[in-house]
Protein chains: 2
Amino acid sequence: MGTQATDGRTSGSDQPCRPLRADAARNREKLLEAATEVFAEHGTEGSLEEIARRAGVGVGTLYRHFPTRACLVEQVYRHSVDEVCAAAPRLLEQLDPFDALATWVDGFVGYVSRKKGMTSALREAMGPDSDAIFADVHERLEGAASLLLGAAQQAGMARTDAEPLDILRSVSGMCMAAAASQDPERTKRVLALVLDGLRYGAPAAEASPRTENLASV
Amino acid sequence: MGTQATDGRTSGSDQPCRPLRADAARNREKLLEAATEVFAEHGTEGSLEEIARRAGVGVGTLYRHFPTRACLVEQVYRHSVDEVCAAAPRLLEQLDPFDALATWVDGFVGYVSRKKGMTSALREAMGPDSDAIFADVHERLEGAASLLLGAAQQAGMARTDAEPLDILRSVSGMCMAAAASQDPERTKRVLALVLDGLRYGAPAAEASPRTENLASV
DNA sequence: GGACTATACGGAGGGTTCCTCCGGTTGTGC
DNA sequence: GCACAACCGGAGGAACCCTCCGTATAGTCC
C-alpha cells in the first residue's frame, strides 16, 4: 500500500527535521488516500471536510498536514507517481518482460486519468514553481518506462526502435482523447493496439495478439 | 455596447420563444457585463453573489437567467466572441485595411486573455457538449480574421501567403506564453513583431514599422 | 513502570458562498 | 386602465472554508 519513499514532510523541502510521530504518519497516509478518492470523484475542487471525514480525522488535522489545498493536491499527485514508479521493478520480478510492460502501462492509464485536473490546479496555484515538480515527475516516469521497455527489448519481446517517451506520450495522449469522448471501451481497444504495435516487428515475434489478459481498470 | 446577436435566451437552443421583457433584457445585459469583470479578476470561480451585487441585482435574478455557473460562463464566453467578431466589419469601415487588422488583433489579445480559464471550465462542466460551442466559436473567429486579412491583402498591405488561422494561432499561442511569464510588455513587443512580419513582403511595402499606435489594452 | 513535555488531535465557531423559495412589483396585451 | 404573466429581491438553510485552543498521547528520561 504505502510506498517506501513517501514518509517525508509536507513540503518539498528536504531539511532533515525530526520524523513524524507515529499517529501523525498514520493520519497523513489516511488523508492522502481519502484525498485521492475524493479528487478522483469530484476533481480538485472536492470538499476538504469530506476528505477529513473519510479519513476519520478532524479538519484541524488535515490543515496541519496540508496547510493549503494546492499543497494537498501536490502530495496526492506525487504519491500517485510514487506508486506507478515503484510498481515497475516489482512487476519485472513477477512477470515476463512484456507482460510486465503491458501491466505497467495499464496502471499508467489509471494514473493519467486520476491526475485529471491536478496538473492544471497545481500550475494555477503555484505558478512557475510547479515546473520543478513536473520536471521531476517526468523524469521519474521516463525512468520507469525505460526500465520496462529496455527489459522487453533485451528479451526480444518489443521492437527496438521504440523509446520510453513514445509510450508515455501515446498513452497519455490517448487517455486525454478517450476521457473527452467518455468511452472506456475505446480506451481499452486503443491501448491494446498500442501494445501490439510495440511488439510488432520484435525479434522473437510470434506476434499473436494476447493483450486481452490485462488486469482491467 | 450590446452586440446585435446577443439577445437570445439563456441556453443555446434557438427555439423562437417570446422575447425577453424589457427589464429582464436589461438585467441580463448588466449581469453579463458584471460577470465578465469578475471572471477577468478572479477567474471562473469568482463569487456569483459578487456578480449579482455589481450588476445591482438580486441573486435570484442571476439564477433565473443563468441557472448554472457553467451556463453563465458559456454566455460570457459567447458574448466576448460576439464583440470581437462584430468589431471586424466596423473597423474596416473606419480605418485603412492594415490598421483595421492591427487594431482587431489587439482586441483579440484582450479576448484571449479574458477567456483564460473559461474554456477549461466549460469543457469540464459540459463534457462533450462543449465541442459544438468551440467549433462554432472557432469558425466565427476565423471568419472575422479572414475578412480583415483578405482586405489587407487585397490592398497590398499584407503578404499574400498568410492565412487567417496563422494569425489566430500565433497570437493566441503568444498570449498563453506571455500570460505564463506575467509580462505585459513582452506581449506588446511580440505582438508588434507578428504584425510587422505579416506586412513584410507585402506588395505595397514601405515597411517602416508603425505598429506602435495601437490602442493599448 | 511512572512522570513530563513536545507534538498531535478534534471540533466548535465565525465568516463566506451556494442555491431555493416565495411574497411583492412591474411590464405588456387587451 | 386593468389583469395577469413575467420578473424582481433577498431571507434563509446548507455546505464549505479556515482558525483557534483545550485535550490527549507518543516518545523520552529517570
Side-chain angles (χ1 to χ4, degrees), chain A residues 6-11 13 15-35 37-39 41-76 117 121 124-125, chain B residues 7-11 15-35 37-39 41-76 117 121 124-125:
Chain A
T6 321
D7 43 39
R9 295 316 288 275
T10 285
S11 164
S13 59
Q15 43 188 317
C17 47
R18 68 167 51 218
L20 286 176
R21 229 171 66 173
D23 52 349
R26 261 196 313 275
N27 281 338
R28 205 186 116 93
E29 205 63 25
K30 282 192 285 184
L31 280 166
L32 239 27
E33 271 171 40
E37 274 182 38
V38 171
F39 287 165
E41 286 171 28
H42 303 98
T44 352
E45 297 303 312
S47 159
L48 297 184
E49 298 201 319
E50 166 83 13
I51 291 174
R53 216 174 301 134
R54 288 205 201 183
V57 147
V59 261
T61 302
L62 188 155
Y63 279 98
R64 199 167 327 100
H65 282 288
F66 311 99
T68 284
R69 171 173 241 117
C71 189
L72 178 56
V73 173
E74 178 191 342
Q75 294 306 317
V76 167
E124 197 160 325
Chain B
D7 43 39
R9 295 317 287 274
T10 284
S11 164
Q15 43 186 319
C17 48
R18 65 167 53 219
L20 286 176
R21 230 171 67 173
D23 51 349
R26 263 197 311 275
N27 281 338
R28 205 186 117 92
E29 204 62 27
K30 281 191 284 182
L31 280 167
L32 239 27
E33 272 172 38
E37 274 182 37
V38 171
F39 287 166
E41 285 171 28
H42 303 100
T44 353
E45 297 303 313
S47 160
L48 297 183
E49 299 204 317
E50 166 82 13
I51 291 174
R53 215 174 302 132
R54 287 206 201 182
V57 146
V59 261
T61 303
L62 188 155
Y63 278 99
R64 198 167 328 101
H65 282 289
F66 311 100
T68 283
R69 172 173 241 118
C71 189
L72 177 57
V73 172
E74 178 191 342
Q75 294 305 317
V76 168
E124 197 160 326

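Order of the sequence lines fixes the chain letters, A, B, ..., with proteins taken first and strands second; residue numbering starts at 1 for each chain.
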- Message: Given dC18(D), dC9(C), dT17(C), identify the nucleotide with an atom nearest to the side chain of Glu49(A).
- Response: dC18(D)
- Task: Measure from CD on Glu45(B) to P on dC16(D) and round the result to the nearest Å.
- Result: 15 Å
- Should Ser47(B) be listed as having a side-chain N or O under 4.0 Å from OP1 or OP2 of dT16(C)? no
- Task: Using a cut-off of strictly less than 4.0 Å, decide whether Asn27(A) has a side-chain nitrogen or oxygen near OP1 or OP2 of dA8(C).
- Result: no
- Item | Rounded interatomic separation in angstrom, taking CG from Leu48(B) and P from dC16(D) | 16 Å
- Message: Side chain of Tyr63(A) only, heavy atoms from C-beta on: which candidate in dC8(D), dC19(C), dC18(D) is closest?
- Response: dC18(D)
- Query: Within the pair Thr61(A) and dA8(C), is there a side-chain N or O less than 4.0 Å away from OP1 or OP2?
  - Reply: no
- Query: To the side chain of Arg21(B), which of dC18(D), dC18(C), dT28(C) is closest?
  - Reply: dT28(C)
- Note on the structure: Ala24(A) has its side chain closest, among dC18(C), dT19(D), dA8(C), to dA8(C)
- Heavy-atom closest contact (Arg54(B) atom, Ala34(B) atom, distance): CB-CB, 3.9 Å
- Item | Minimum side-chain heavy-atom gap Phe39(B)-Ile51(B) below 4.5 Å | yes
- Message: So, taking the atom named CZ in Arg64(A) and the one named CG in Leu31(A), what distance separates them when rounded to the nearest 0.5 Å?
- Response: 10.0 Å
- Any idea which of dG27(C), dC17(D), dA11(D) is nearest the Ala22(B) side chain? dG27(C)
- Can you measure from OG1 (Thr44(B)) to CZ (Arg69(B)) and round to the nearest 0.5 angstrom? 7.5 Å
- Query: Are the charged groups of Glu29(A) and Arg26(A) less than 4.0 angstrom apart, N to O?
  - Reply: no
- Note on the structure: What residues 50-58 of chain B contributes to the DNA chain D interface at heavy-atom separation below 4.0 Å is Gly56(B), Val57(B), Gly58(B)
- Note on the structure: Leu20(B) has its side chain closest, among dC9(C), dC19(C), dC7(D), to dC7(D)
- His65(B) vs dC8(D): side-chain N/O to OP1/OP2 distance below 4.0 Å: yes
- Do Arg28(A) and Gln75(A) have side-chain heavy atoms sitting under 4.5 Å apart? yes
- To the nearest angstrom, the CG-P distance between Leu62(A) and dG11(C) comes to 14 Å
- Item | Between CG on residue Leu62(B) and CD on residue Glu49(B), distance to nearest 0.5 Å | 9.5 Å
- Message: From the set dC7(D), dC16(D), dC18(D), return the single nucleotide nearest to any side-chain atom of Val59(A).
- Response: dC18(D)
- Nucleotide dA24(D), atom P - distance to CZ of Arg26(A) in whole Å: 18 Å
- Task: Assess whether atom CD of Glu124(A) is packed by more than 12 heavy atoms of other residues, nucleotides or ligands within 6.0 Å.
- Result: no
- Item | Rounded distance (Å) that lies between atom P of dT26(C) and atom CG of Asp23(B) | 10 Å
- Query: Separation of Lys30(B) atom NZ from dC7(D) atom C1', in whole Å?
  - Reply: 13 Å
- Note on the structure: Separation of dG9(D) atom C1' from Arg64(B) atom CZ, nearest Å, is 9 Å
